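Okay, structure first, notes after.
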Amino acid sequence: MRMTVLASGSKGNSTVVASARTRLLIDAGLSCRELLKRMAQANEDPAALDAILITHEHQDHIAGLAVLARRLRIPVYFTEPTHRAWVRLMTPSTSMTYAKWLEHVQQEKAARTAAQTAAVEPGGPSMTDASSSVGGSAAGLQLAAAAVSEAVPEEDDAPPAASTRNPASLPAVEYFQPGTAFSIGDLTVTPFTTPHDAADPCGFVFESASEAVRMAIATDLGYMPPNVKSALQRIDVLLLESNHDLEMLKDGPYPWAVKQRVLSRVGHLSNHATAQFLAQDYDGNATCIVLGHLSESNNAPELALLSAEQALNERGTLLGNRILLAQQSAPLAPICL
Ligand SMILES: [Zn+2]
Ligand SMILES: [Zn+2]
């Protein structure tokens, strides 16, 4: 299995998680052009991606989503509340009543059902069918896509003209629910709820049964609740938030209200809170911990690293854990297990 952090930080987040057969992009928080550039730099082939998964609808996680998904013609996985919040963000001028939203969702469901019935394998793949093949799944989704919206031509990063295209149109949408595992190809994905000020934010655990490896992404966390602590057990590669240094945040340039938001239980994890998790709750299983979502204004990479290292140093047996710093401006080399 492989994790490639393309970007991490308050200005954009995106990570590739791949097994031998399946490649997923988690969040698309940079422009499509920049994401494609980062993938080229990191030797990740965009054409080989099977799907995009979204943690939550904040700009630093979705900036390039619509353009990238349409260009690659791959499905996007959201929770339903996150999808709805994202559609609202993309189409601020259209007010959609809940009744109309339900109708829209119903139409998409019907299109997917029709596509599954028409899929090559009768009885078609389902979201919880671990044995479903990537090919079958993708074929079904693409049929669904065709039924939902017209095929779209290649496009640039420029927003589409409202008259020609709905900016929230996607090739295909799949819903998941936090706490309920689902499969894409040979990867099992377990989403878990995170405390953060978005519609329905979550983190993910990825597992490849054939490779017996587990990787996780846990950022945008106001604090470490019990469900996140328990989700992050037996993880081999852990991308963990270490957003800000408390002193730098307090003395820093943010307005008071923003400081309060970052510090709140639906904001971001401080270096201190991350260290506390590593010292007290972390099971020591990870070969590699990647510190991510560092604030450029309120953190310094050396401080985040020092804080995490000190926490692990207090536990002599964990000296073998490798700690890396994810970057905002460049991709990290792929972490392969
Ligand atoms: Zn966020
Ligand atoms: Zn974020």
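Please read these numbers as outputs of a predicted model, since none were measured by experiment. Counting from 1, the numbers follow the sequence of the chain as shown. One-based numbering, in listed order, for ligands and for the atoms of each.
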Residues which pass side-chain hydrogen bond (donor to acceptor under 3.5 Å, both in side chains) with Ser19, listed by chain and number, not counting sequence neighbours: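 Asp186.
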Heavy-atom closest contact (Phe176 atom, Ile54 atom, distance):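 Distance-wise, the nearest heavy atoms are CZ-O, 3.9 Å.
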Side chain proximity check, His61 to Thr219, heavy atoms < 4.5 angstrom: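 Yes, side chains in contact.
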N, O or S of His61 under 2.8 Å from the Zn ion (ligand 1):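 Checking His61: none of its N, O or S atoms is under 2.8 Å.
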Presence of N, O or S from His56 under 2.8 Å of the Zn ion (ligand 1):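 A backbone or side-chain N, O or S atom of His56 is under 2.8 Å from the Zn ion (ligand 1).
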Electrostatic pair Arg84:Glu80 at N-O distance under 4.0 angstrom: no
Asp60 atom OD2 and His293 atom NE2 as seen from the Zn ion (ligand 2), angle to 10 degrees: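 Nearest ten degrees: 90°.
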Atom name of the N, O or S atom in Asp220 that lies nearest to the Zn ion (ligand 1):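 The atom in question is OD2.
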Name of whichever N/O/S atom of His58 is nearest to the Zn ion (ligand 1): ND1
Pair His83 and Trp101, ring centroids less than 6.0 Å apart: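 They qualify: ring centres under 6.0 Å apart.
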